Amino acid sequence: MASYDLTSRIAPHLDRHLVFPLLEFLQERQFYPDDQILKAKIELLSKTNMVDYAMDIHKSLYHTEDVPQDMVDRRVEVVARLKSLEESAAPLVGFLQNPSLVQELRPDKQYNLQMLKDRFQIGAEQIEALYQYAKFQFECGNYSGAADYLYQYRALCTNSDRSLSALWGKLAAEILMQNWDVALEELNRLKEIIDSKNFASPLNQLQNRIWLMHWSLFIFFNHENGRNGIIDLFFQDRYLNAIQTNAHHLLRYVATAVIVNKRRRNMLKELIKVIQQEQHSYRDPITEFLECLYVNYDFDGAQKKLRECEDVILNDPFLGKQVEDPNFSTVPLRDEFLENARLFIFETYCRIHQCIDIGVLAEKLNLKYEEAEGWIVNLVRNAKLDAKVDSKSGTLVMEPNHLNVYEQIIENTKQLSMRTYMLAKNVVESAPPAAQTAR
Amino acid sequence: MASRFWGQGDSDTEDEEERSEYGEGTEAGVGGGEASGAATGSRYLQTNASDSEDSDGQRRVVRSAKDKRFEEMSATVDQMKNAMKINDWVSLQESFDKINKQLEKVIRVTESEKAPNLYIKALVMLEDFLAQALANKDAKKKMSSSNAKALNSMKQKLKKNNKQFEDVINKYREKPESEEDGDGDEPSDGEEDDDDDGEFVEDPTKIGSLSDSGSDGEDEDEDNQAEAGGGWEKKMSKKDKLMDKQFMKDPSEITWDTVDKKLKEIVAARGRKGTGRVEQVEQLTFLTRVAKTPAQKLEILFSVVSAQFDVNPSLSGHMPINVWKKCIQNMLIILDILEQYPNIVVDDSVEPEENESQKGADYKGTIHVWGNLVAFIERMDIEYFKSLQCIDPHTREYVERLRDEPMFVVLAQNVQNYFERIGDFKAAAKVALRLVELVYYKPQEVYDAMRNLSEQRTDGTEDGENGDLEADEEPHVVEENRGPPSFVVTPELVPRRPTFPENSRTLMDELVSLIYKYGDERTKARAMLCDIYHHAILDEFSTARDLLLMSHLQDGVQHMDISTQILFNRAMAQLGLCAFRVSLITEAHGCLSELYAGGRVKELLAQGVSQNRYYEKTPEQEKLERRRQMPYHMHVNLELLEAVHLTCAMLLEVANMAANTHDAKHKVISKTFRRLLEVSERQTFTGPPENVRDHVMAATRALTKGDFQKAFDVIKSLDVWKLLRNKDNVLEMLKSKIKEEALRTYLLTYASSYDSLSITQLTAMFDISEAHAHSIVSKMMITEELHASWDQPTRCIAFHNVEHSRLQNLAFQLTEKLSVLVESNERAFEARTGGGLDGLPPRRREGQDYAGAATGKWQDNFLSQGRQSGYGGRSGYVTGGRFQNSGQAQGGFSKDRMGQQGLRGTGGRYQDAYGSGVGRTPYQMGSSMRSQTDASARMVSLNKAGRVQ
């Protein structure tokens, strides 16, 4: 199953801290030997300031109480640096912690800067120090503090590059604190900046988009409205292009989102096109399932893939999120996915058949005969399906639904008159100005 | 004979007397007043003389019909005589020039090496007179200034001139007239006097000593006189030896100045009339050995290489191969020097200072030497290419020539390394492109062969390749032993063997990434095309396709130079073949159909000249076209290409025709194929297939009836398939495709005759697996090509038979046309009101071009235009692709390849306009299939989405 593990492909696009949840998940699922994961964690932590945590892991990894000297040294160093940064940022932090003073800030940035300078002797250096302090807090794992400071910093910062980094930091902090609503806001803000900003090179911009998409996975698969969000975001031309150029593995998440989201069926065609184009560079059971079903119409193959999909979903850190109930734990996404995928198969199957044996259908749907019959009857009753069950022979008979020729022609020509009318109207309307310009 | 005649018949002695008399007379004091009298007198005398001359001439004409030339010459001689009589050196000088010119003509006419005796005699006469005049110092003083000047220059000229004919003159003096002997001694003395006052000597017949003294004189002359320059030429053209000796005389005396001066002289003579190109090379080569400083040697080597380039003056011919090889060696030496002395900088932007190259090997600062290595390399490559163009590919010579490729590769690699070392990556990229263009068309096998060859070469260099070089260099070596050893010895520092990585792809990747990073626009585009080509050869279709689409090359290619366009066509052709091999029929057809649309494949691929029935090419055009032909070994096999194209067209078109029987024109996938089919259907008798076309047509006939076996057999019997790599797999794939299409065609054609059809029967009929058949039929049902549905319990296809009547069909067509009309009206309106349809005008223009092409009326440089129109259509399929609006994101392709291309702001819009099928030009109407798919952005020849919907 490890072959479908995308962690190694996703991780390079994430912040160091964001990789932790993924590693936690892997540890939980026991794909890899524990000590490998622990080592990876230490490796990760080595560049951050979470030295205590690294020490803990080290202890559990080697089952010792000893800690390597460099970690101890590093700890001292980190603490010292924290102190110094705290000091340099102190004036501004002090100011910001006083609510009455904060009240005096106005939306006008220039005014604020001027005021801070005049009244509190807080200049650019202090503001810069605030940023460094916030970053350091983040590195230490104090995400809430970092998020707060970064928020304040953004209000005062004039450097747009810095502001962008601050935004990234804020987003990471919010994600790590699992404040999905706030994170989503930040995400949208960031997206706006990325799309509007003139990057030095398109490459840079692309890279930013790809990061954004990766980070957004955390949000979209946890936020309640995330499933619409992911489709909205990922199907934008620019982002779809980014996926196709450099992040093919994201197709898994797009595909899952489309399958799960009943209201976004219309995206399916486009998705399949993309999957087809990229099949040489990326494929996993989920995309193959769609391919089987909509390109090859191979229902048995689709069935097989569906079983693999289940594994993939369970083992994916984003998709396989478990909901713990007191009695049992489920993976809600998996259930939804299977349900919808089944519906897909069934629908397509019905479209090309006029008569289906319910027994076969039950088999195809992974259901028992009675269950299948009940399921079908429900569908028929909900008028999603124009069909009748012939219970004597145990078949489902589809009603042929061919549009009458005349209806078709009427349908085709109906909008023509409207369009022509509009055209004529437009011509008349624009005639005077056009005539003027001609003169 | 003639000399006899002239010698006797002439009044030489008389003249002598007369002259002396006359000369005395004038000297005696013919005043200004009598000058005219003297002139008349002279004229009188002349007529006397010329009387006899004339009669001589007439006799000669009658007798031997020698030539007018001799007459002319003798007339000039007479003039000279007259001038001598009046001591008029100015006119004498003119006559002397004239006679020299005439001499050339005479020699040309008589086709003999020797100068005619008449001329020699005139020379002797002049010499004598000159000696006399110089001896007579008083008279000299009395001369007018212009006359004296003329006398002096005459002295110089004559001396130089006579050296050429020394032997003959001496012979003449000795032999023909005994009475002249006495004279002969005198002038020779006199000559000695001229040469060097006070140096009395030796036997005048000894050339060595003469030349020695002459050269001494020259050395002085050089300093004093501007005209002296000519002397070197003469002497050297006479024999290189002379110069050799001169330098050999005392190597220590040779200074930087002498060498530099000489170099300048030789270079100045370049391109002048009468300068032997080969000789110049030899002279310069000699100079390289006596060069004083490395920088100077470098300078001279550059001149040598340029001179070698000059050896072949014509634009269409190629440089002689041995010269080419020597040139390579010289270039390598240049690189050796540059390697050895990193402080020497080659530059062509600044004119270096006068004495820059004087700085010796121990000079530490940078030395600038004028030169352009990139240009040299490019020229070498061009010459190599040209030689391959010219040599008949079926001869051994061609193969031999191909073996020289590693030599060039060595050079190019070394130059590239050099540029990389000095940090001139732009130039390095240019050189890398040359290498890329040598490698890109080679499949792995050929590449391996080349690698082996070069390795063998280097093992056997000493006896093998150097063997022939040795032969050439033998004389040099000898001379070198004899002459002074090279002052600047250059050890072989740069590697003399090319380095080839195991895999051609590795090499390509290395070079190409360098180019993408540093190359200019054209270099990058070309490298990209080569890259695409190479990927296609290696069956990496998707990579090649992505490169092509992301680079936006299709949009801009019609603005590029023709050779790049040809490269583009080659890449497209190869891409098509590649798509076919990996069984992507639609894509293959998309790539190839454009090439075949105009019926000028040969021309488009530059693999031969196709005749145009309606239009004769001018010779210039033909020449141009011939110059851009691909050498034979780079050809894409046209027969294979045609087979692939037609097979693809057949696979796509047969079912399509079956589906649209009502109006054949409705949806045409391949116009070419349709036309061919029509032609073959018109034939009264269809014989057994002979060429590719016949085969495919025969297969088509079988396929229309659903007879897959016969269709496949016919196709399989084509010979060209053996050119395919993994032929068996491809044929297997072809078979299954043919089966599929047969099944589809059968169902579409006979659907109305069935009420239901069991799948087992279908599988039996088409020898196809049940799952496969099920998949195909299901697909047809979903896309509503086939109005039927499965009856699962009985495993049958139940046909609905909702066949429309003819009237209903027509009604459908009408509605479709109506909606097209409305759409185009809307577009027209938008275009009028400026709806941002920038793409419209160019599209329209292209469309017209195309129309012109179709009727064969256009006259201009059709190659580029024709292609332009072709691409007009082709951009259609960029549009369908996913990259159309992504001006921004493209740039980010991981390898940084597209950086520059992605950001063309207008690109997106332009394509958008296309994508929405703006401007229904005649072209589009012609193939409405394309425009339709265009409009729905669904066609995508290069994207596989074709049948998803």
Side-chain angles (χ1 to χ4, degrees), chain A residues 199 201-207 209-210 237-242 244-246 269 272-274 276-281 294-301 348-349 351-357 360-361 393 395-396 398 400 402 405-406 408-409 412-413 415-416 419-420 422-423 426-427 430 434, chain B residues 541-543 546 550 771 774-779 781-782 787-794 798 800 802 804-805 808 811-812 814-816 818-819 821-823 825-826 829 832-833 881-894 896 898-899 902-903 940 943-949:
Chain A
F199 277 87
S201 76
L203 192 64
N204 213 330
Q205 193 168 26
L206 179 87
Q207 192 56 53
R209 289 211 173 105
I210 290 176
D237 269 344
R238 291 158 175 178
Y239 289 85
L240 205 54
N241 275 319
Q244 289 189 320
T245 30
N246 216 5
K269 258 187 195 171
I272 285 163
K273 237 191 273 180
V274 174
Q276 282 283 290
Q277 278 167 18
E278 302 305 330
Q279 59 175 350
H280 59 274
S281 46
Y294 288 103
V295 181
N296 299 327
Y297 301 97
D298 173 5
F299 297 97
D300 296 331
T348 321
Y349 203 70
R351 263 178 74 189
I352 56 170
H353 282 77
Q354 64 170 5
C355 182
I356 310 165
D357 188 348
V360 178
L361 204 55
S393 56
T395 51
L396 178 71
M398 314 293 300
H402 289 290
V405 185
Y406 306 107
Q408 277 182 48
I409 290 184
N412 283 354
T413 42
Q415 22 91 4
L416 283 186
R419 277 166 72 182
T420 317
M422 288 300 293
L423 189 65
N426 283 337
V427 168
S430 65
Chain B
F541 177 75
S542 48
T543 326
D546 283 357
M550 292 203 223
H774 190 273
S775 155
I776 295 170
V777 177
S778 302
K779 208 180 283 177
M781 289 173 180
I782 294 271
H787 300 284
S789 48
W790 290 104
D791 190 64
Q792 198 253 329
T794 53
H800 295 314
V802 280
H804 300 152
S805 69
Q808 287 163 342
F812 270 118
L814 183 66
T815 56
E816 247 168 62
L818 279 177
S819 56
L821 183 68
V822 171
E823 217 166 89
N825 272 341
E826 282 171 353
F829 174 73
R832 199 51 191 276
T833 50
R882 52 200 148 125
F883 296 107
Q884 45 174 337
N885 295 325
S886 51
Q888 312 283 337
Q890 313 287 327
F893 190 60
S894 53
D896 192 20
M898 287 74 217
L903 261 188
V940 197
N943 295 322
K944 213 185 169 179
R947 287 190 191 151
V948 173
Q949 287 89 351

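Every chain is numbered from 1 and lettered A, B, ... according to where its sequence line falls, protein lines coming before strand lines. From a predicted model like this one, the values you see are computed outputs, not experimental measurements.
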Student: Using the rule given for side-chain contact (heavy atoms from CB on, under 4.5 Å), can you reason through B:Ile782 versus A:Thr348, listing the C-alpha separation, both sets of side-chain angles and the distance that settles it, and then say yes or no?
Tutor: CA-CA 9 Å; B:Ile782 294 271; A:Thr348 321; 4.1 Å; yes

Student: Are any of the side-chain heavy atoms of B:Pro793 and A:Cys355 separated by less than 4.5 Å?
Tutor: yes

Student: Parallel, tilted or perpendicular: which one describes the rings of A:His353 and B:His774, with boundaries at 30° and 60°?
Tutor: tilted

Student: Under 4.5 Å heavy-atom distance to chain B, tell me which part of A:Asp357 shows up: side chain, backbone, both or neither.
Tutor: both

Student: Flag the one option from B:Thr794, B:Leu818, B:Leu814, B:Val777 with the top tally of heavy-atom pairs under 4.5 Å to chain A.
Tutor: B:Leu818

Student: Could you go through the side-chain contact (heavy atoms from CB on, under 4.5 Å) check for A:Arg419 and B:Glu823 one step at a time?
Tutor: CA-CA 9 Å; A:Arg419 277 166 72 182; B:Glu823 217 166 89; 3.8 Å; yes

Student: Measuring from B:Glu826:CD to A:Thr420:OG1, what's the distance to the nearest 0.5 Å?
Tutor: 7.5 Å

Student: Before you tell me yes or no, could you show the steps for B:Ser775 and A:Asp298 under side-chain contact (heavy atoms from CB on, under 4.5 Å), namely the whole-Å CA-CA distance, both residues' side-chain angles and the distance that decides it to 0.1 Å?
Tutor: CA-CA 6 Å; B:Ser775 155; A:Asp298 173 5; 5.5 Å; no

Student: How long is the span from the CD atom in A:Gln415 to the OG atom in B:Ser819, to the nearest 0.5 Å?
Tutor: 7.5 Å

Student: Between B:Ala771 and chain A, which part of the residue has a heavy atom less than 4.5 Å away: side chain, backbone, both or neither?
Tutor: neither

Student: Quick one, A:Leu361 with B:Gln792, criterion side-chain contact (heavy atoms from CB on, under 4.5 Å). Give me CA distance, side-chain angles, the key distance, then yes/no.
Tutor: CA-CA 10 Å; A:Leu361 204 55; B:Gln792 198 253 329; over 6 Å; no

Student: Looking at A:Thr413, A:Thr395, A:Val360, which has the largest count of heavy-atom pairs under 4.5 Å with chain B?
Tutor: A:Val360

Student: Looking at CZ of B:Phe829 and CG of A:Leu423, how far apart are the two atoms once the value is rounded to the nearest 0.5 Å?
Tutor: 6.5 Å

Student: What is the distance from atom CG of B:Leu821 to atom CG of A:Leu416, rounded to the nearest 0.5 Å?
Tutor: 9.0 Å

Student: Heavy-atom distances under 4.5 Å only: say whether A:Tyr239 touches chain B with side chain, backbone, both or neither.
Tutor: neither

